[in-house]
K.L.:
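Structure incoming, see below.
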Amino acid sequence: SLVTATHSGRIILFDTAAGTALTLPAATGSGALFRCIVSVTATSNQHRVRVVGNDEFVGVLTVTQDAADTALHFDAADAADNDSIDMNGTTTGGRIGDWLELVDISTDNWHVRGVLSGSGIEATPFVTGQVT
């Protein structure tokens, strides 16, 4: 679990092949900023960022395609209940060099932007309805 006073403004590494799981603090509009970089590609499990309570992600993640020299943009629309970013090391990103920026912009909202590199048939890294 990330703590605003300890981790805001710092770089957080996804640094295990078995996957790294992060839980964000409750969004309050504090302006807290977390930068995350994948330093080890997930080869089992996945790298994951989750929110708590009624929080959700808003913003856009870009997933680059490994074969087509194109990029797919996945939108986390407000009120869509995007509770988790799951990067599986292939189709939803999570490969070395990928990055996320997470900002506490308002009560219940974490803004996200970042670039992920996908392989295979790329898919959205956003997962809905995971927090109860």
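We number each residue from 1, following the sequence as shown.
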K.L.:
Can you check side chain to side chain contact (heavy atoms under 4.5 Å, CB included) on Leu24 and Asp55, steps first, answer last?
P.N.:
CA-CA 9 Å; Leu24 295 171; Asp55 289 5; over 6 Å; no
K.L.:
Quick one: ring-ring contact (aromatic ring centres under 6.0 Å, His included) pairs with a partner in residues 72-122, sequence neighbours left out?
P.N.:
Phe34-Trp110
K.L.:
Taking C-beta and beyond as the side chain, do Val49 and Leu100 meet within less than 4.5 Å on heavy atoms?
P.N.:
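They are in side-chain contact.
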K.L.:
Sequence neighbours left out, what passes side-chain contact (heavy atoms from CB on, under 4.5 Å) with Thr16? Give chain and number order.
P.N.:
Thr20
K.L.:
Please give me the minimum heavy-atom distance between Ala32 and Ser8, naming the atom from each residue.
P.N.:
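In this case the closest contact between Ala32 and Ser8 is CA-OG, 3.4 Å.
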K.L.:
Which pairs pass salt bridge (charged side-chain N to carboxylate O under 4.0 Å, His left out) with one or both residues in residues 7-25, sequence neighbours excluded?
P.N.:
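Salt bridge (charged side-chain N to carboxylate O under 4.0 Å, His left out) check on residues 7-25 returns no pairs.
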K.L.:
In the single-linkage hydrophobic clustering (I, L, V, M, F, W, Y; side-chain heavy atoms under 4.5 Å), do Leu61 and Leu72 co-cluster?
P.N.:
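Linked, Leu61 and Leu72 end up in one cluster.
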K.L.:
Starting from Ile105 and following side-chain heavy-atom contacts under 4.5 Å between hydrophobic residues (I, L, V, M, F, W, Y), which residues can be reached?
P.N.:
Leu33, Val58, Val103
K.L.:
Please tell me if the side chains of Pro25 and Leu2 come closer than 4.5 Å, counting only heavy atoms from C-beta onward.
P.N.:
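SC-SC contact between Pro25 and Leu2 confirmed.
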K.L.:
Go through the structure and list residues passing side chain to side chain donor-acceptor pair (under 3.5 Å) with Ser39, not counting sequence neighbours.
P.N.:
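Ser39: no side chain to side chain donor-acceptor pair (under 3.5 Å) contacts found.
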K.L.:
If we ignore angles and hydrogens, is there a donor and acceptor under 3.5 Å between the side chains of Asp66 and Ser119?
P.N.:
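Their side chains do not contain a donor-acceptor pair, so the 3.5 Å distance test is not met.
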K.L.:
Same cluster or not: Val112 versus Val115, using hydrophobic residues (I, L, V, M, F, W, Y) connected whenever any side-chain heavy atoms lie under 4.5 Å apart?
P.N.:
no
K.L.:
Cluster question for you: counting only ILVMFWY and a side-chain heavy-atom cut-off of under 4.5 Å, with indirect links fine, are Ile37 and Leu102 together?
P.N.:
no
K.L.:
Tell me, which pairs form a ring-ring contact (aromatic ring centres under 6.0 Å, His included) where one or both residues lie in residues 47-69, sequence neighbours left out?
P.N.:
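Pairs touching residues 47-69 that pass the test: Phe14-His47.
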K.L.:
Test: salt bridge (charged side-chain N to carboxylate O under 4.0 Å, His left out). Region: residues 29-45. Which pairs qualify, not counting sequence neighbours?
P.N.:
Arg35-Glu101
K.L.:
Given a cutoff of under 4.5 Å between side-chain heavy atoms of I, L, V, M, F, W and Y, with clusters grown through shared members, what are the other residues clustered with Val40?
P.N.:
none
K.L.:
Closest heavy-atom contact between Val63 and Pro125?
P.N.:
CG2-CD, 4.2 Å
K.L.:
Please give the remaining members of the hydrophobic cluster of Val3, linking ILVMFWY side chains under 4.5 Å, ordered by chain and number.
P.N.:
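Grouped by the 4.5 Å side-chain rule, Val3 forms a cluster of one, so the answer is none.
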K.L.:
Quick one: does any side-chain atom of Asp81 pair with a main-chain N or O of Thr128 as donor and acceptor, under 3.5 Å?
P.N.:
no
K.L.:
So, taking the atom named CG in Asn109 and the one named CD in Glu56, what distance separates them when rounded to the nearest 0.5 Å?
P.N.:
5.5 Å
K.L.:
Tell me the closest heavy-atom pair linking Ala71 and Thr62, and the distance in Å.
P.N.:
CB-CG2, 3.6 Å
K.L.:
Residues in side-chain contact (heavy atoms from CB on, under 4.5 Å) with Thr107, at least two apart?
P.N.:
none
K.L.:
Search all heavy atoms of Ser106 against all heavy atoms of Ala27 and return the closest pair with its distance.
P.N.:
O-CB, 3.5 Å
K.L.:
Can you give me every donor-acceptor pair (side chain of residues 91-98, partner residue at least two apart or in another chain, under 3.5 Å) with its distance?
P.N.:
unit_1	atom_1	unit_2	atom_2	d
Thr91	OG1	Asn88	ND2	3.0
Thr92	OG1	Asp86	O	3.0
Thr92	OG1	Asn88	N	2.9
Thr92	OG1	Asn88	OD1	3.2
Arg95	NH1	Gly118	O	3.0
Asp98	OD1	Ser117	N	2.9
Asp98	OD1	Ser117	OG	2.7
Asp98	OD2	Gly94	N	2.8
Asp98	OD2	Arg95	N	2.9
Asp98	OD2	Ser117	N	3.1

K.L.:
In chain order, what residues pass the side-chain contact (heavy atoms from CB on, under 4.5 Å) check against Ser44, with sequence neighbours excluded?
P.N.:
Ala18
K.L.:
In terms of heavy-atom contacts, does CG of Leu13 have more than 12 from other residues, nucleotides or ligands at under 6.0 Å?
P.N.:
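Atom CG in Leu13 is crowded, with more than 12 foreign heavy atoms closer than 6.0 Å.
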